[in-house]
Protein chains: 2
Amino acid sequence: MGEIYVNNLNKGISVDCVIFGFDLERLNVLLIQREPLNQDDLSDLALPGDLIYNDENFDSASNRVLKELTGLENIFLEQVGAFGDINRLSKPHDRAWLQSVRDQPNVRVITVAYYSLVNQNSFHPIPSKFAKSITWKPVNEIESLAFDHLDILQAALQKLKNKLQTQPIGFNLLPEKFTLSELHKLYEAIIGKELDKRNFRRKMLKLELVTKLNEKQSGVAHKPSNYYSFNLENYEKLQAEGYNNFGF
Amino acid sequence: MGEIYVNNLNKGISVDCVIFGFDLERLNVLLIQREPLNQDDLSDLALPGDLIYNDENFDSASNRVLKELTGLENIFLEQVGAFGDINRLSKPHDRAWLQSVRDQPNVRVITVAYYSLVNQNSFHPIPSKFAKSITWKPVNEIESLAFDHLDILQAALQKLKNKLQTQPIGFNLLPEKFTLSELHKLYEAIIGKELDKRNFRRKMLKLELVTKLNEKQSGVAHKPSNYYSFNLENYEKLQAEGYNNFGF
DNA sequence: GCAAAAGTGTTAACTGTACACCCATGA
DNA sequence: TCATGGGTGTACAGTTAACACTTTTGC
């Protein structure tokens, strides 16, 4: 137990980012690979995160981590909460890893978690000081993660689900142009249950959250779908009216 | 900047508690009075909070603060989030106060906020090491608080409002026996707008969240109101069915 | 022509909302 | 007897939920 302010790093506080992406099929999360202690060890996957600097706000720190990994800025990012259980770093496996990368591996570190929504196909993750390698993993298939990161992921997912009922934040996960089917699948992937196609479309269109573009899919072996874009003005109008029933 | 682990206190992390109470009229919050630097200085009011111990979880720390102030245990308590802006302790006024009570007043302290719902009339706040004196203040009348505590209060209130739409947590603010009017006023106080009496009652009764007791008010100069109690079994049944439309 | 996904309407049940009068009590 | 808050029902509007067939394209 020593100085915690060295190189201006605050060695007692980190941020971790739950970065959600959508591949038009499933909801994914960006995970980094630690140096594995042995092979086939899923628990070596972790959320990207970093100690914060002592003159840095949480928001800045989470934006920094996000930017270093993805190159993206000004992306939807919201705090999930603080995670600081005294045993959060004490799995033997995690301890060994900390010994190898931290100069004070025994200091208690609490973390402030953020979640973020990005358009998975518009960029390529950039390996950085947080991560030797990076992968997208379907949220449903994740059974264990390093540290308490599974708890954090679950809390973030719950927060995302709740938020989606009152704010149409899902558009952050899609490209500028998207089809209603893509949006529909996105909602199903986040909420985790099937939604009636006709009812979904009717509500989306009635709220006028999307604008129909003069452009269709091409090269698909079925009736081509129309492209839409998110209608920010109408969203803000609804917001201003206090409307908050964006749920399905 | 020195050791942060002295006496097992973690001098970089605190918890602050937003303790809501309801006096059958308004929604209040429990505030502590710092030693004022000058008179009539509202900003001397603060949320109760304390540095955490290094072997203590956030939940335990917030329960400890709550218990020391109120004597209450096993009370509704939920995390609001982490607050750690680098300027959160830097108002001159706050700095002077910290100089007088902290042995390392210049260390960056981040705080994890919790909010809690208590039955305001069932206990008397206990002055403690956090607080020379304690007062209930109506939430609506609070215009400034020490540190970033106004931000924390507002975040907690927002969280309470949101939660009330999906979970009937308001009962935590009432005594075991209450009238439907009291419950009605409570919802209005939290949500901040008037609710139709008949519609409110109809929904509450239909959900069977309350059980009618064989007991009425007495000594009131109007038709006495029936007492009700919270029906936990029915609530749990609704929960199990995934019902979550408890909003008004 | 066939497989694959897009696109489209109607009905019934339910939920939310607006609204006004009589009742029981203490003073 | 009056002032006070308790307690009650109905009708309309809006929302949700269930459900099946035709269209357009590439192969």
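Just so we're on the same page: letters track the sequence lines, and every chain starts at 1.
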Check the phosphate of [N] against [X], side-chain N and O only, distance under 4.0 Å to OP1 or OP2. Yes or no?
X	N	result
B:Ser181	D:dG5	no
A:Ser225	C:dA5	no
B:Asn245	C:dG16	yes

Between [N] ([atom2]) and [X] ([atom1]): distance, integer Å:
X	N	atom1	atom2	answer
A:Leu183	C:dA5	CG	C1'	16 Å
B:His184	D:dT8	NE2	C1'	15 Å
A:Asn226	C:dG7	CG	C1'	10 Å
B:Phe200	C:dG16	CZ	P	13 Å
B:Gln165	C:dG16	CD	P	11 Å
A:Glu194	D:dC19	CD	P	13 Å
A:Lys203	D:dA17	NZ	C1'	12 Å
A:Leu207	D:dG14	CG	P	15 Å

### Query
Reckon A:Lys206 touches a base, only the sugar-phosphate, or nothing at all at heavy-atom distances under 4.0 Å?
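Sugar-phosphate: the residue A:Lys206, judged by heavy atoms under 4.0 Å, touches backbone atoms but no base.
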### Message
Checking side-chain polar atoms at under 3.5 Å, does B:Thr166 have a donor or acceptor matched by the opposite partner on B:Asn244?
### Response
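Note: B:Thr166 and B:Asn244 side chains miss the donor-acceptor criterion.
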### Query
Tell me, for nucleotides 19-27 of chain C in 5' to 3' order, what letter each nucleotide earns: B for a base near a protein heavy atom under 4.0 Å, S for only sugar-phosphate near one, - for neither?
BB--BBBS-
### Residue A:Arg201, side-chain atoms from C-beta onward, closest of C:dG16, C:dA6, D:dG7
C:dA6
May I ask you to check whether over 12 heavy atoms, not counting those of [X], lie within 6.0 Å of atom [atom1]?
X	atom1	result
A:Glu194	CD	no
A:Lys67	NZ	no
B:Glu25	CD	no

### Summary
ring-ring contact (aromatic ring centres under 6.0 Å, His included) with A:Tyr187: of A:Phe246, A:Phe200, A:Phe22, only one passes, and it is A:Phe200
### Task
Could you say whether A:Gly247 or B:Thr179 is positioned toward the 5' end of DNA chain D, judged by the nucleotide with the nearest heavy atom to each?
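Its nearest nucleotide lies further toward 5', so the answer is B:Thr179.
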### Query
So, do B:Phe83 and A:Phe58 have ring centers that fall under 6.0 Å from each other?
no
### Task
Using a 4.5 Å cut-off on heavy atoms from C-beta on, say whether the side chain of B:Leu30 contacts that of B:Thr70.
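In short, these two side chains touch, coming nearer than 4.5 Å.
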